[in-house]
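Step one of this worksheet: look at the structure below.
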Amino acid sequence: MAGTVLWTGEGLRLAIGTQILLDDAKISIHAGERVALVGRNGSGKSTFMRIVAGTEQPSAGETTCARGLRIACMEQDCTRFHNVSVRDAIAEGLEFFNGIHRQLDALRPGSHEQEKLERILTLHDAWDPARKIEIIAQKLNLPPRDSLCGSLSGGERRKVMLARAVAAEPDLLLLDEPTNHLDIGAITWIEEYLADYRGTCLFVTHDRCFLDRIATRIVELDHGKFYSCEGSYADFLAAKAAREYREDQAESKRQSFLRREIEWVRRSPKARLRRNLGRIKRYEETAALSAPDRIGSMELIIPKAGRLGNQVVRIENVSHAMGGKPLIRHFSFEFEAGQRVGIIGPNGAGKTTLLKLITQQLTPDEGKIEVAPTVVFNYIGQSHLELNPNRTVLEEIGEGHEFINLGDERVSIRGYLRRFLFEDDRVNTRIDRLSGGERARIVLAKILKSGGSFLILDEPTNDLDLPSMRVLEEALASYSGCLAVVSHDRYFLNRVCTHIIAFEPDGHLFAGPGDCDYYLEHRAAVLSAAAAPAPKKDAPPPKPKNPPKKLSYKEERELAEIEPEIERLEARISEIEDIFSAPDFFANHGSESASLQNELNGLRAKTEALYARWDELEQKKQALQS
């Protein structure tokens, strides 16, 4: 592993009550790495980040860091910034560079120390702190710089804390869920920023596209131990499955040994002779070992949707403005049964307004919206997702009832909560004592118990851990009703959605079939074509004598065969990725993980080569035809 060691921890131990977060854990972070820290909600990821930042200490173990190491973290608690402006909050992250400016002012011109300090300012483009603040604020689409942080929404405050951490440009940057509440444009910017970042980054994220594009290494915190894997998230899943397979094989051998030895101990009257004491000791040591810990997967069942006709919601030539700003211009779209529509766009573009128009909470300025009489909306926007902090989990979901009806199925509230990984010892826990991920699961439990034939979700993946997100994706992908989901998580949108509605500048909306990647490619092509200079009207070059009018027979046949072959390969790639993402992967395919990973790598390489050849032949064909 390249790079010097910046931070290391050995023998780390930490427990909160009966929950063990770190159990003799060991980890090192090297210069130049971008390490993604993953794990179940409540596994201790944020706590470990605080240990690295130095704001919390383990109960045992040793931590060391490189001399002069500068660490900056994205703070989660914004209380101390309540009466601070956006500009001043970000400027606090520039204190290191402000200190260099003060040192320069005190130095005599031409000194060796002056040259050293000037190189630092040049390297970090920190000669003009005000300009640096403004560039970052614009990229993250922050509110007016004079606004007080206390007046901002939770999402806006998180973005200010992200800007503050990024502005510091430390040796080690700590980011906890940096993409939460960011739109796709801002996420793309932070991806590009971190991809070129000269320092080292340790981050927690649930955005798998972000993870795959940024991480050089994935580290899982599981039952107090760290497990490291280089490569993509698919590589991590394969490595995790292989590790658990080995652990379970070892456990199977341990149980077989114990069964053999217990029979010998019971039937042998000479078992306590001195020559047999070693055998008895081995038996006792093996019996004292514990089986591998496994956490079950969330079982998410959406109540069956009621009957829907061919037409669900029809939007016809709708326009709407807020505060004089046009959000939607002449938009038409028709929702149909079985559609799963992803709604994307910059923050403040009007996504929530569109949802309120669909559910008839707002009336459009122009046009009309028709809702079929069979439609039953289940819409809970972000403003409605507040939980009562003084209630227990059982009280929040049960609301005075002991049972809940999920379509034709009647289950107890405790049984329903077990599907969301709340065992009996957690259902009496107060909401204000739950982790962010646990609260996200409670919100999902509240939303989904209501059923409905038109399900509307606003940023449902925020704070969910990766295994829970995969379960949510699978449940939504098989939902029989109509779905509209607002999200900035591209991987989630790609797995779930059949259509995309995208907010573009000046209130114009794109709507069409396909996933998020398809729309982004389409949008990039449109912008590229618009930005391309007009061709010059110079005299055309002389044409060769008897030029070919079309591709050769062999090339035409090759081109015709490439597309179905790509479709076949991509179908197999999708099939293998779904196998890796399945919660029961280990149980059904654990022994095949290595061969599946090799097959996946080969298929991806072959598909990329076919795309390149297809593009080459298509360009040649168009050139010949023109």
With no hydrogens and no angle check, just 3.5 Å: does a side-chain donor-acceptor pair link Arg50 and Thr47?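 On atom types as modelled, these side chains qualify, holding a pair under 3.5 Å.
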[X] side chain vs [Y] backbone, donor-acceptor pair below 3.5 Å:
X	Y	value
Ser228	Val219	no
Asn494	Asp517	yes
Lys225	Asp23	yes
Arg145	Arg87	no
Asp506	His508	no
Lys132	Ala91	no
Arg13	Ala60	no
Tyr519	Phe510	no
Asp171	Leu69	no
Thr200	Gly32	yes

State, with a plain yes or no, whether a side-chain heavy atom of [X] is found less than 4.5 Å away from one of [Y].
X	Y	result
Val84	Glu92	no
Thr205	Asn180	no
Ile431	Asn388	no
Leu520	Thr188	no
Glu191	Thr179	no
Glu118	Leu104	yes
Met74	Asp176	no
Leu6	Glu33	no

So, are [X] and [Y] salt-bridged, with charged N and O less than 4.0 Å apart?
X	Y	value
Glu192	Lys139	no
Glu177	Arg158	no
Arg490	Asp207	yes
Asp458	Lys351	no

When rounded to the nearest 0.5 angstrom, what distance separates [atom1] in [X] from [atom2] in [Y]?
X	Y	atom1	atom2	answer
Arg164	Ile136	CZ	CD1	12.5 Å
Leu457	Arg340	CG	CZ	12.5 Å
Ile343	Ile501	CD1	CD1	5.0 Å
Leu362	Thr353	CG	OG1	6.5 Å
Ile71	Cys65	CD1	SG	5.5 Å
Ile20	His223	CD1	NE2	10.0 Å

Ignoring hydrogens, what is the shortest heavy-atom contact between [X] and [Y]? Give both atom names and the distance.
X	Y	answer
Cys209	Tyr491	SG-N, 3.5 Å
Leu327	Met322	CD1-CG, 3.3 Å
Leu221	Leu21	CD1-O, 3.9 Å
His401	Ile413	O-CG1, 3.3 Å
Ser85	Leu148	N-CD2, 3.9 Å
Ala53	Cys73	CB-SG, 4.3 Å

Which of these passes side-chain contact (heavy atoms from CB on, under 4.5 Å) with Gln361: Leu357, Thr359, Ile358, Thr363?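 Answer to the side-chain contact (heavy atoms from CB on, under 4.5 Å) test with Gln361 among Leu357, Thr359, Ile358, Thr363: Thr359.
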Does the side chain to side chain contact (heavy atoms under 4.5 Å, CB included) test come out yes or no for Glu169 and Leu123, once each step is laid out? CA-CA 10 Å; Glu169 292 193 36; Leu123 179 66; over 6 Å; no
According to the interplanar angle, ranging from 0 to 90°, do the rings of Phe335 and Phe333 count as parallel (below 30°), tilted (30 to 60°) or perpendicular (above 60°)?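 Ring orientation of Phe335 relative to Phe333: perpendicular.
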Kindly assign one of parallel, tilted or perpendicular to the pair Phe48 and Trp7, based on the angle between their ring planes and the thresholds 30° and 60°.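 Geometry flag for Trp7 against Phe48: perpendicular rings.
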May I ask you to check whether Phe203 and Phe210 place their ring centres under 6.0 Å from each other?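 Yes - the distance between ring centres of Phe210 and Phe203 falls below the 6.0 Å cut-off.
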Taking salt bridge (Lys or Arg N to Asp or Glu O under 4.0 Å) as the cut-off, I'd like each qualifying pair that reaches into residues 60-71, sequence neighbours left out, listed once.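 Passing the test, one end in residues 60-71: no pairs.
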Worked verdict on Leu175 versus Leu173 for side chain to side chain contact (heavy atoms under 4.5 Å, CB included): CA-CA 7 Å; Leu175 301 176; Leu173 177 62; 4.0 Å; yes
So His101 and Trp127, side chain to side chain contact (heavy atoms under 4.5 Å, CB included) or not? Walk me through it. CA-CA 8 Å; His101 280 287; Trp127 283 100; 4.2 Å; yes
Evaluate the side chain to side chain contact (heavy atoms under 4.5 Å, CB included) criterion for residues Glu459 and Ser487: first the C-alpha distance (whole Å), next the side-chain angles of each, then the deciding distance (0.1 Å), finally the verdict. CA-CA 5 Å; Glu459 292 288 0; Ser487 179; 4.3 Å; yes
